Amino acid sequence: MSSIPSPRRRRSRFSPVTRQVLLYLFFLLPAAMDIAQGMAGTLGPNPTSACLHDFGRYAFRFLLVSLAVTPLKRFVGVDIMLYRRPLGLLAFTYAALHVFFYVVVARHLDTHILWQDFSSRPFLTFGVLTFLILAALASTSTRRAIRALGRKWSPLHKLAYLAMIFACIHYSIAFKTWHVEPFIYTVIAICVLALRMVPRSARRKV
Amino acid sequence: MAAYRYPQPRASEITPRSYFLSRRAVMAGVVGTTLALAGSEQVAQAATGTAQNASGWPAPEKPTPQNDVTHYNNFYEFGTDKGDPAELSGAFKPLPWSVQIDGLVDNPRTWALEDLLKQFGQEERLYRMRCVEAWSMVIPWNGFSLAALLKAAAPKMGARYVAFTSVLRPSEMPGQRRGLFALKWPYVEGLRLDEAMHPLTLLATGVYGEALPTQNGAPIRLVVPWKYGFKGIKSITRITVTDRQPPTSWNLMAPEEYGFYANVNPAVDHPRWSQASEQIIGEGSLFHTARKPTQLFNGYAEQVAGLYQGMDLRKDF
Ligand code: HEM
């Protein structure tokens with residue numbers, strides 16, 4: 001996710017790359033806190049599940065925010081383009097933690113059970129698909145990959161939209177009943193995706 | 001604790017005539033008094049099992065820590081997160097409480113909670129609890145056999161099921177104010193009469209020797225240890241003996257996922273997850289959950305398998 005430094009940006013003591021790294025590290029704090037609490041035994045009766053669920057939610061939120069960066073700039077005038085890449089990477093990082101807590105901690109890497117899970121449970125299948133897309137996007141977000149992919153980079157990264165839709169499905173059907181939170185998040189996600197679909201020429205009317 | 005031990009009723013006492021009739025109906029193809037006698041023997045055996053339980057049921061597992069029992073559970077009336085019941089049940093004021101017993105019984109009555117305790121006492125039962133979400137606990141309940149209460153109510157001929165209704169108090173229960181994003185309220189559950197009369201079936205009024213906290217179903221709840229936890233309806237206000245299978249909340253919500261019976265069965269998966277094993281709450285560490293294989297009827301097969309002879313447990317899940 002390349003960033004075009006905006007001339008209007010306030011000067012900062014830190015270089016853009018440093019700022020990107022700082023943002024990334026800062027938002028790893030929730031994960032660090034969960035894990036520290038979990039190890040200290042203060043994360044409730046089921047710390048594993050608490051981490052699994054917290055990390056899933058963070059992955060979802062960072063994916064959503066990273067997709068909102070462009071509409072924010074276009075329609076609100078808030079430019080956080082510089083942080084789009086670290087936000088996307090945060091989505092991937094939390095998704096990886098989320099998956100780790102399921103595959104390794106909860107399921108003990110039991111390939112038989114995992115295969116059964118992934119092949120027979122649609123909500124997990126959507127999770128896996130989302131994760132695969134995020135992994136592909138994360139691995140092609142280095143400068144080198146961006147250069148190597150050239151014009152193909154942009155359509156490839158449009159897969160993020162698909163990831164968002166799959167994540168909404170995964171989140172919405174993860175529970176035994178309909179929950180309010182995934183519903184609200186899905187509505188927001190649809191709005192963000194819809195704004196991204198607005199053609200360039202329509203911009204001035206807004 | 002267990003200040004008063006409810007004397008174990010003899011099988012013949014706790015097995016009303018209607019029970020035999022219902023069993024005959026259930027077991028297709030076989031009719032006759034021989035069968036009815038066989039049925040009563042099974043109950044007698046199970047009753048012995050329960051007597052042992054009062055002084056130490058063969059439950060090798062150690063009890064789940066009290067704080068986990070009271071801070072990790074489902075009680076959708078307060079919210080869908082497992083921490084919600086403990087956190088959001090403060091406004092629920094259960095006392096004074098009464099339970100109405102009606103329907104096909106000779107002695108319908110509205111029991112004040114104190115009268116129930118006076119009449120039936122409390123004993124401790126260490127039971128396994130298997131949640132349908134594939135986690136489990138071992139819980140020391142206090143309470144009395146539902147059979148004792150039903151016997152006092154005296155089911156009439158033709159009685160075959162028992163329907164339970166939970167409390168409806170949206171002003172005190174935030175989960176009941178969520179509209180579409182919830183179950184239909186009040187929560188309802190049901191058992192076949194023979195299941196309800198089974199000596200293992202408990203009306204719990206306490207846990208860990210203390211009165212039930214609001215989050216665990218104060219002041220009185222059902223515990224059916226060989227079934228998934230959601231059968232254990234909480235904060236019961238009404239018990240109705242009927243001749244037809246009553247509706248049950250989770251079954252109404254998703255009939256293909258939650259059956260009327262909901263017997264713990266590792267061979268019958270939930271459509272969205274495997275039931276073959278379970279996470280043991282209170283054990284393991286952050287990076288390694290403790291799991292164990294799930295047992296048929298949650299390990300109570302010896303006591304209850306007889307209730308389901310001849311039934312297809314995949315169909316009647
Ligand atoms: C291999 C991939 C994945 C697997 C195996 C997986 C598995 C799971 C599991 C087991 C749950 C818990 C459901 C429950 O307790 O009933 C869950 C919940 C969730 N997952 Fe995933 N997931 C995957 C990928 C993802 C991705 C990529 C995202 C986000 C971008 C995500 C977001 C969520 C969210 C938001 C929840 C709900 C958490 C909550 O609010 O409690 N998952 N997932």
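Just so it is clear, the structure is predicted and the values come from calculations on it, not from any experiment. Lettering follows sequence order; numbering is per chain, from 1.
- Look at B/Lys234 and B/Glu77 and you find no salt bridge, because none of the NZ, NE, NH1 or NH2 atoms lies under 4.0 Å from a carboxylate O.
- Heavy atoms closer than 4.5 Å to chain A are found nowhere in B/Val69, neither backbone nor side chain.
- The closest side-chain donor-acceptor pair between A/Tyr102 and A/Asp117 falls under 3.5 angstrom.
- Most heavy-atom pairs under 4.5 Å with chain B: of the set A/Pro47, A/Ala106, A/Gly44, this distinction falls to A/Ala106.
- For the residue pair A/Arg57 and A/Tyr171, no side-chain donor N or O sits within less than 3.5 Å of a side-chain acceptor on the partner.
- One side chain, A/His157 or A/Thr140, offers a donor N or O that lies under 3.5 Å from an acceptor on the other.
- Relative orientation of the A/His170 and A/Phe123 rings is parallel, given thresholds of 30° and 60° on the angle between their planes.
- Contact of A/Ala174 with chain B is made through the backbone alone, with heavy-atom distances under 4.5 Å.
- For a residue to count as touching a neighbouring chain, one of its non-hydrogen atoms must lie under 4.5 Å from one of that chain's; by this rule A/Ile35 touches chain B with backbone and side chain alike.
- Judged by distance alone, the side chains of A/Thr18 and A/Arg13 never bring a donor and an acceptor atom under 3.5 Å apart.
- Aromatic ring orientation, A/His53 versus A/Phe175: tilted (interplanar angle from 30° to 60°).
- Among B/Asn74, B/Asn67, B/Thr80, the residue making the largest number of heavy-atom pairs under 4.5 Å with chain A is B/Thr80.
- A salt bridge links B/Asp269 with A/Arg121: the closest approach of a Lys/Arg side-chain nitrogen to an acidic carboxylate oxygen falls below 4.0 angstrom.
- Residue B/Trp273 touches chain A through both its backbone and its side chain, counting heavy-atom pairs closer than 4.5 Å.
- Heavy atoms closer than 4.5 Å to chain B are found in the side chain of A/His108, but not in its backbone.
- Across B/His71, B/Lys82, B/Glu133, the residue that shares the most heavy-atom pairs under 4.5 angstrom with chain A is B/Glu133.
- In terms of non-hydrogen atom pairs under 4.5 Å with chain B, the most contact-rich of A/Met39, A/Gln116, A/Lys176 is A/Lys176.
- Both the backbone and the side chain of B/Ser274 come within less than 4.5 Å of a heavy atom of chain A.
- B/Pro65 does not touch chain A: none of its heavy atoms, backbone or side chain, sits under 4.5 Å away.
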